[in-house]
Each structure stands twice: as C-alpha cells, then as structure tokens.
4 protein chains.
Amino acid sequence: MTVTAALLKPRKSPVQARSVVTLDALHSAAIQVLTREGLGRCTTTRIAARAGISVGSLYQYYPNRDSLLAAVLEKHLDGVARAVERACRGHQGKPVAEMASGLVTVFLDVKLRNPRESRALYVIAEGIGGAKLAERLRTRMVTAMTDMLVSASDAHFADPDITAAIALSSLVGPVRLLLDGHAPTGFEASLEKQLVVLLTAFLQAHAN
Amino acid sequence: MTVTAALLKPRKSPVQARSVVTLDALHSAAIQVLTREGLGRCTTTRIAARAGISVGSLYQYYPNRDSLLAAVLEKHLDGVARAVERACRGHQGKPVAEMASGLVTVFLDVKLRNPRESRALYVIAEGIGGAKLAERLRTRMVTAMTDMLVSASDAHFADPDITAAIALSSLVGPVRLLLDGHAPTGFEASLEKQLVVLLTAFLQAHAN
Amino acid sequence: MTVTAALLKPRKSPVQARSVVTLDALHSAAIQVLTREGLGRCTTTRIAARAGISVGSLYQYYPNRDSLLAAVLEKHLDGVARAVERACRGHQGKPVAEMASGLVTVFLDVKLRNPRESRALYVIAEGIGGAKLAERLRTRMVTAMTDMLVSASDAHFADPDITAAIALSSLVGPVRLLLDGHAPTGFEASLEKQLVVLLTAFLQAHAN
Amino acid sequence: MTVTAALLKPRKSPVQARSVVTLDALHSAAIQVLTREGLGRCTTTRIAARAGISVGSLYQYYPNRDSLLAAVLEKHLDGVARAVERACRGHQGKPVAEMASGLVTVFLDVKLRNPRESRALYVIAEGIGGAKLAERLRTRMVTAMTDMLVSASDAHFADPDITAAIALSSLVGPVRLLLDGHAPTGFEASLEKQLVVLLTAFLQAHAN
DNA sequence: CATGAATGAGTCTTCATTCAT
DNA sequence: GATGAATGAAGACTCATTCAT
C-alpha cells in the first residue's frame with residue numbers, strides 16, 4: 001500500500017457500535033453538505049456539524065478531508081459493484097437477452113435508489129482522486145460481466161472483456177442524464193426499456 | 001441573460017490580434033494546469049503564470065476564475081456540438097447504419113483529437129456551473145440527431161428525441177473510459193467498430 | 001434586522017472570559033492601528049497582529065472587517081450616548097444655565113477621556129456605514145436632550161427637538177478641533193467655559 | 001515645501017484652456033465617482049473614465065491618486081475660505097449681530113450650494129491627509145474672523161482668536177447634520193435663523 | 001476521548017502606477 | 001501627447017488541521 005493510499009484509509013475500524021453509527025452519520029452528512037452547498041462549501045467543519053460531532057472527532061475517524069470523501073465514494077461504488085456482481089452470477093448460462101435485462105434492472109435500481117447521493121458522488125469523484133477508486137470498482141464489475149458473457153447459452157464473444165467494458169460504460173451516460181435532470185420528457189418512463197433494447201441489441205450483434 | 005450568466009462571459013472581445021493570442025494562451029494554460037495539478041490547484045495565479053502573463057491581465061479578459069474555466073469548457077463543447085450537427089446534416093435521409101457509423105466517427109474524432117483537453121473538461125464541468133452549459137450543448141446535439149433520425153430511409157422512430165438522447169449519451173461512457181486510460185488492452189483499437197455495432201444495433205432495433 | 005445590519009454584528013457572544021479579553025484586545029488593536037497607520041493601512045492582518053492573534057481568529061469574532069470597525073465605533077458612541085442621557089435625566093427641571101453647563105461637562109468628559117480613540121473613530125465613521133450608526137446614537141441623545149429642555153424651569157422652547165439637535169451638534173466642531181490638535185494656544189484651557197457660554201446663550205435666547 | 005507636499009501638487013499648471021477644462025472635468029468626475037461609488041470604489045480608472053480621458057492622461061495632471069483628491073478638497077475649501085474672508089472684510093466695524101448674521105448666511109450659502117460635493121469631501125478628507133489641508137484653510141478663516149471681531153462696534157473680545165475658532169467650528173456640526181440628511185423635520189427651514197441666534201447670542205455674551 | 005478555538009498558508013480579486021505603441 | 005494593457009503587491013477572507021483544555 002502506498003503512502004497516498006494509506007492516507008485515504010479510515011483511521012479506526014468500526015469495532016464498536018458507536019463508531020459505526022458515527023461513520024454513517026458522517027457519510028450522510030457529507031452527502032447532504034455536498035448537495036446542499038456544493039463541493040466548494042463542503043468543509044470538514046460543516047460536515048462534522050451536520051453529523052452532530054466536532055471537527056476534532058471527525059479527524060478521529062479520517063486522517064483528512066479527502067479520505068472521508070473517498071470513503072463515501074467507495075461505499076457507494078462498492079454497493080453498485082456488489083449488486084452487479086450478484087446479478088451477473090445469477091444470470092450465468094442464460095441467453096443474452098436475459099443478461100441484458102437483468103443487468104439494466106440492477107444498474108438502474110442501485111443508481112436511482114438514492115439519486116441525490118448518486119449525483120453528489122460524481123462531484124466528489126472529480127474533486128479527489130476518484131478515478132483510481134472508480135477504476136478498481138469498474139474492474140470488478142467488468143470481470144463479473146465477462147464471466148457472465150462467456151457463459152451465455154446463445155452467443156459467443158470474441159473479446160468478452162471488451163464487450164463487457166463497452167456494455168457497462170454505455171449505461172453510464174443515459175443514467176447520468178436522468179440523474180442530472182436534463183433528460184427529455186418521458187425519458188425516465190422509458191429509460192429501462194430503452195436500455196434493455198440497447199444492451200440486448202448490442203450483445204446479440206456479437207452472437208454468431 | 002441573467003446576472004450570473006453575465007458574470008461568466010469574457011470581459012473583452014478579442015478584436016485585436018494580441019488579445020486572441022492571449023485568450024488562446026489562457027485557454028491552454030488552464031487546461032495544462034488542470035491536468036497537471038487538478039482542479040484544486042487550478043488557481044488564477046498558476047493559470048496566469050503558465051500563460052506567461054500576470055494575474056491582473058487574466059482579470060482583464062475574464063471577470064473571475066469560473067468565467068475563464070466556463071469559457072474553456074464552452075469552447076470545447078461548442079466544437080463537439082458543431083461537429084455533431086454537421087455530421088447529422090450530412091446524413092439526412094441515409095439508412096440508420098450509415099447514420100450510426102457517421103456519428104461514431106465524428107464523435108470519436110472530436111473527443112480524441114485532443115485527449116488531454118477532453119479529460120480536463122470533465123473535471124471543470126463538475127466544479128463550476130458546467131451542468132448548465134453541458135445541457136445547452138447536449139440539447140443542440142440531440143436536436144440535430146432527432147432531425148436526422150426522422151429522415152432515416154429505412155426506419156421509423158416512435159420517440160426520436162428519446163432515442164437520440166439515449167444514443168448520444170451511450171457514447172459518452174465508453175469514450176471517457178478510453179480517455180481516462182482505464183480501458184482494457186485492445187480497447188482503443190476496437191472502440192470505433194464496437195460503438196458502430198452498438199449504435200447500429202440500437203437504431204435498427206427501432207426499425208419496423 | 002436587515003441583511004446588511006446582520007453582517008455588521010459580531011459573530012459570537014462573549015460568553016467566555018477569554019472571548020471578552022480577545023474582543024477587547026481587538027477593539028484597542030483596531031484603534032491603535034487606525035491612529036498609527038490610518039484607515040488605508042488598517043487591515044485585518046495588521047489588526048490581528050497588533051491584537052496578538054491570527055487573522056483567522058479575528059474572523060471568528062467578526063464576519064468581516066467592517067463589522068469589527070463598526071463594533072468599535074458603536075461601543076464608543078454608545079458610551080457617549082449613555083453619558084449624555086444620564087446627564088439629561090439628572091438635569092430635569094433645572095434652569096437652562098445648569099443644563100448647558102451639565103451637558104458641556106459630560107460631553108467634554110467622555111470625548112476627551114480617551115482622545116486617541118475619539119479621533120480614530122471619526123476616521124472609521126466615514127469609511128464604513130458609520131453614518132447610520134452615528135444617526136441612531138445621535139437620535140438617542142437628541143431625544144434625551146429634548147426631554148430635558150421641555151422640563152426647563154426658566155424657559156419654554158417652541159421647537160425643542162430642533163433646538164436640541166442644534167445645541168448638540170454645535171458642540172461637535174469645537175471638540176473635534178481640539179482633538180485634531182489644530183486649536184489655537186489656550187484653546188483647551190478655555191474650551192469648557194466657552195462652550196458653556198455658547199450653549200447657555202443659545203438656550204436662553206429661546207427663553208421668553 | 002516637503003517632499004510629501006510636493007507630491008500632492010498638480011503636475012502641470014493650467015496655462016492652456018484645454019488643461020483647465022480637463023482639470024475641471026477631473027474634479028467633478030472625482031466627486032461623482034465618490035458619491036456614486038464610495039471612496040473604496042473611487043479608483044483612478046473610474047475617475048478618468050467618467051472624465052472622458054484615459055488613466056494615463058490623468059497621471060499627466062496629477063502624480064498620484066491622492067494628489068487629485070487633495071486638489072478637489074482644496075478647491076472646495078478654498079472656495080469656502082474665500083467666501084468667509086470676503087464676508088468678514090465686508091462686516092468690519094459692524095455690530096456683532098450683523099457679523100453673526102452675515103457669517104451664517106455666507107457659510108450656509110457655500111456649503112449648501114452643492115450639497116453633494118460638500119458631503120463627498122468629508123469622505124475624502126478622512127481618507128487622505130485632509131486634516132493638514134483643512135487646518136490651513138481653517139486658519140485663514142479664523143484669522144479673517146478674528147480681524148472682524150476686534151473691529152466690532154458694540155463689543156470687546158478678550159480672546160478674539162479663540163472666540164473666532166469656537167464660533168466657526170460651532171457651525172460645522174449643524175450644517176453637516178443637514179448635509180447628511182439626518183436632521184429632524186423642519187430643521188433645514190429654520191437652520192439659518194437658529195444659527196444666527198446661536199452665533200449672535202454667543203458673540204454678545206462676550207460683549208461687556 | 002471530545003471539543004472547538006486558534007492558526008496561517010493559500011485563494012481570489014482589485015487597483016495604483018507604468019510604459020510601449 | 002494620449003492611450004489602455006500589463007503589472008504585481010496587497011487586501012479580505014476561508015478552511016484543513018492541530019492541540020490545549
């Protein structure tokens with residue numbers, strides 16, 4: 001683990017119930033401050049205040065501001081990755097149409113479950129070294145998808161990892177459009193169906 | 001134009017040759033500082049220094065830091081939008097396969113022409129009121145695409161604007177993956193082909 | 001309370017002993033810097049330095065520079081107003097000669113007790129929204145004087161509030177002359193007597 | 001002449017008509033900017049712009065910002081002093097009642113002729129070394145008044161210079177009250193009469 | 001352990017002044 | 001002479017981080 005990486009790790013493990021509670025409070029406080037005030041005004045003091053603790057205590061849990069934000073981001077991305085992995089395992093050996101449908105469903109589910117949080121994290125990700133984190137989690141998801149794709153009952157993929165990477169990343173843009181509230185009228189209603197069409201068509205195009 | 005919008009506008013028009021040069025220097029300086037130091041360290045002083053001018057001079061061209069960054073972003077997005085609009089006009093009445101191919105080619109072309117700049121702008125967009133700008137430009141592109149889609153010789157679209165919005169946004173993720181350098185080996189080589197497959201399959205799925 | 005007014009209020013109440021000390025230190029530091037360096041050089045950094053604290057700490061007590069200066073001004077003016085009010089109450093029902101004498105005495109007393117501070121505040125008053133403050137305090141004094149005048153045992157005033165306003169303001173110039181050190185030799189020695197003569201003559205001129 | 005004094009002098013004498021015009025334009029531009037924007041925003045660039053010339057040209061006439069403001073102040077005070085001196089000469093040998101009346105009339109006349117300008121100058125005076133200037137002009141006026149007082153046909157003054165200083169300075173406060181717009185209703189209407197009463201009573205109190 | 005006052009480096013922004021054109 | 005772009009020192013203010021209580 002590099003020095004930089006070490007600095008982004010939480011300081012104490014949540015062995016005690018209180019810690020877990022505080023950690024959670026800090027996470028949601030961070031997200032609230034972020035969405036309410038913007039990254040510029042998202043200060044440690046404000047986060048601590050909203051979490052109901054003192055700045056000093058915040059530093060008991062995280063060595064610095066960025067590690068807190070990174071933890072929030074990681075927690076979110078980990079949730080997304082877990083959900084995708086589970087879905088992929090659950091669709092092993094199925095036809096690609098089912099895979100596409102299953103994938104879209106979970107993806108939308110985790111991303112839209114808490115839209116406010118999802119949006120806040122895009123902002124965090126740019127501000128800190130979010131790219132590294134995002135990549136690690138993306139790799140997990142692509143791996144899981146690749147495994148699923150190669151098991152498809154009705155298709156064969158020449159470059160399953162590349163197909164997986166494209167398929168996954170192609171979902172990101174449309175979802176973000178919706179989260180940002182910039183989508184055309186009727187977009188949300190048909191988003192899931194459209195994305196299923198998109199993914200299914202793409203995956204079937206590789207079937208021979 | 002709102003007050004806020006006014007504040008994001010350049011201060012002086014580049015009527016003189018020198019101004020144009022300085023303006024360009026500022027733009028690329030901003031991009032360099034951004035990619036080299038990150039948004040957090042992208043200060044007016046550093047930008048000015050890299051551009052070879054004084055802070056004072058920077059403020060002769062832009063009323064504040066955000067207006068400079070916004071201008072850089074807008075210039076880039078405007079270039080993308082123009083290219084997409086031109087491509088859409090050029091594929092009126094063609095079959096959807098050609099449309100997909102033309103769109104992907106143009107999109108990759110403008111986005112990858114200056115990868116460093118493209119990446120920097122993702123960071124800017126989050127930090128400032130980039131969402132507004134991005135939406136305006138996206139609207140232009142979606143409009144152009146919608147017009148193109150309805151003219152397709154071999155397909156009919158029930159909701160062409162939604163199809164356009166999804167099609168366009170589905171390209172964003174994969175391209176960014178490449179720009180961020182997180183793509184699997186061989187990704188770049190096949191990206192264009194893959195995206196053409198993706199878009200063609202999606203559009204043809206709507207054909208009846 | 002308007003927004004502007006709110007911005008000129010101290011940030012934290014001096015509930016703790018330490019705060020009171022720091023607040024006092026800031027006030028006298030401000031006055032010292034003001035008289036030693038002038039309003040132009042009366043910067044937050046310099047005030048903080050002279051007060052023996054950091055700029056950051058200064059901003060824990062006042063939201064901005066002007067609110068600090070305004071507080072200093074208000075404290076001074078409030079002291080003057082209190083003294084005048086007390087004197088006015090103490091001379092209810094007396095003949096105008098005694099009123100004049102009493103008023104001049106307290107006025108000189110409070111203004112000359114700390115000449116350095118008195119002078120500094122003229123400078124402050126111009127720079128910030130001192131006019132508003134000054135007016136409020138002046139109104140208090142004029143009101144108190146008006147009450148006193150109407151109770152005079154040997155005179156009747158047709159427009160007691162106007163008479164009060166003129167009487168009070170006529171003292172300002174001569175006192176300031178002395179504070180600024182521009183008075184002729186022997187001025188200070190006879191100032192009190194002269195002002196008593198001035199005020200008495202003026203008030204008696206209204207007696208019928 | 002000290003170095004400081006030299007720096008506050010205009011750079012070129014208005015030998016040419018154009019210079020006079022420009023100088024006047026600068027003076028009123030300064031006053032306008034001052035009243036419209038406040039001392040803080042009263043920059044050389046803005047003054048020059050309002051005067052219709054360039055900053056560079058401004059520096060052709062004054063070596064620095066303060067010398068310009070000082071010149072504006074001096075011109076105003078000189079006007080006041082001249083008027084007072086003339087009035088004093090014109091009332092030589094008259095009874096004190098006439099002197100008082102004449103002085104008040106003239107003082108109000110010059111101060112209220114251009115209230116906006118008068119007010120603006122209080123602000124200037126504090127910001128720059130206005131005290132020095134003010135004192136010089138005040139000395140002229142006190143001298144003229146002293147001469148007048150000693151010639152009074154119906155009174156003898158033990159300390160005519162002190163009496164003059166007090167008399168003059170006692171007018172300042174009331175007039176400023178009016179200029180600042182903080183005077184009670186009916187104040188302006190009766191100000192002249194009241195001040196005549198004030199001064200007459202004061203001067204006659206010295207008569208034996 | 002918690003607290004939150006104190007710190008001071010670092011940001012943006014302004015503006016008097018100069019000088020090349 | 002006139003111009004106004006360029007300069008950069010200096011000011012107000014913020015905020016991550018520390019540490020005495």
Side-chain angles (χ1 to χ4, degrees), chain A residues 12 16 18-19 22 40-49 52-69, chain B residues 7 11-12 16 18-19 22 40-49 51-68, chain C residues 7 11-12 16 18-19 21-22 39-49 51-69, chain D residues 12 16 18-19 22 39-49 52-69:
Chain A
K12 64 167 71 167
Q16 301 164 345
R18 183 148 61 128
S19 292
T22 307
R41 290 255 130 87
C42 185
T43 69
T44 50
T45 305
R46 266 185 268 258
I47 293 174
I53 64 174
S54 66
V55 225
S57 294
L58 184 156
Y59 278 85
Q60 202 84 36
Y61 294 92
Y62 294 98
N64 54 55
R65 173 179 169 272
D66 282 2
S67 68
L68 163 56
L69 297 181
Chain B
L7 284 177
R11 223 167 213 176
K12 65 170 68 167
Q16 300 165 349
R18 177 133 68 124
S19 291
T22 306
R41 298 220 107 80
C42 186
T43 70
T44 51
T45 307
R46 267 185 267 260
I47 294 174
I53 65 175
S54 66
V55 223
S57 293
L58 183 157
Y59 279 88
Q60 219 141 24
Y61 292 91
Y62 294 97
N64 52 56
R65 173 179 166 272
D66 281 3
S67 69
L68 164 55
Chain C
L7 284 177
R11 223 167 213 177
K12 66 170 67 165
Q16 300 165 350
R18 178 134 67 125
S19 293
V21 172
T22 307
L39 185 56
R41 298 221 108 82
C42 185
T43 70
T44 51
T45 308
R46 266 185 268 260
I47 293 174
I53 65 174
S54 66
V55 223
S57 292
L58 185 157
Y59 280 88
Q60 219 144 20
Y61 292 91
Y62 294 97
N64 53 56
R65 173 180 167 272
D66 281 4
S67 69
L68 164 56
L69 297 183
Chain D
K12 64 166 70 163
Q16 301 163 345
R18 182 149 60 128
S19 292
T22 307
L39 185 56
R41 291 254 131 86
C42 185
T43 70
T44 51
T45 306
R46 265 184 268 260
I47 293 174
I53 65 175
S54 66
V55 225
S57 294
L58 183 155
Y59 278 85
Q60 203 84 37
Y61 294 92
Y62 294 98
N64 55 54
R65 174 180 169 271
D66 282 2
S67 68
L68 164 55
L69 296 182

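In what follows, chains are A, B, ... by sequence order, proteins preceding strands, each numbered from 1.
- Of the candidates dG11(F), dA16(E), dT3(E), the closest approach to any side-chain atom of Thr43(C) belongs to dG11(F).
- Gln60(A) has a side-chain polar atom (N or O) that falls below the 4.0 Å cut-off from OP1 or OP2 of dA2(E).
- Contacts of Arg41(C) with the nucleic acid, taken as non-hydrogen atoms under 4.0 Å apart, are absent.
- Whole-Å rounding puts the Tyr59(A) OH to dC19(F) C1' distance at 13 Å.
- OP1 or OP2 of dA6(F) lies within a sub-4.0 Å distance of a side-chain N or O belonging to Tyr61(B).
- For the atom pair OG1 (Thr43(B)) and CG (Leu58(B)), the distance works out to 10.0 Å, reported to the nearest 0.5 Å.
- Nucleic acid contact for Gly40(A): sugar-phosphate only, since backbone atoms but no base atoms lie under 4.0 Å from a heavy atom of the residue.
- When base pairs are accepted only as Watson-Crick or G-U wobble with both N-N or N-O distances under 3.5 Å, DNA chain E takes part in stems of 3 or more pairs at E:2-21 with F:2-21.
- Checking the phosphate oxygens (OP1, OP2) of dG11(F), no side-chain nitrogen or oxygen of Thr45(C) falls inside 4.0 Å.
- Heavy-atom nearest nucleotides on DNA chain E were determined for Arg65(B) and for Ser57(C), and the one closer to the 5' end corresponds to Ser57(C).
- In this structure, Thr44(D) and Tyr59(D) have side chains that are in contact, with non-hydrogen atoms separated by less than 4.5 Å.
- In this structure, Leu58(A) atom CG and dA16(F) atom P are separated by 10 Å, rounded to whole Å.
- Protein atom CG of Asp66(D) is 14 Å distant from nucleotide atom P of dC15(E), rounded to whole Å.
- One atom, OH of Tyr62(B), and another, C1' of dT11(E), lie 20 Å apart when rounded to the nearest Å.
- Taking each heavy atom of Ser67(C) and Asn64(C) in turn, the nearest pair found is OG-O, 2.7 Å.
- OP1 or OP2 of dT7(F) lies within a sub-4.0 Å distance of a side-chain N or O belonging to Ser54(B).
- Contact annotation: Arg46(D) reaches the phosphate of dC15(E) (side-chain N/O to OP1 or OP2, under 4.0 Å).
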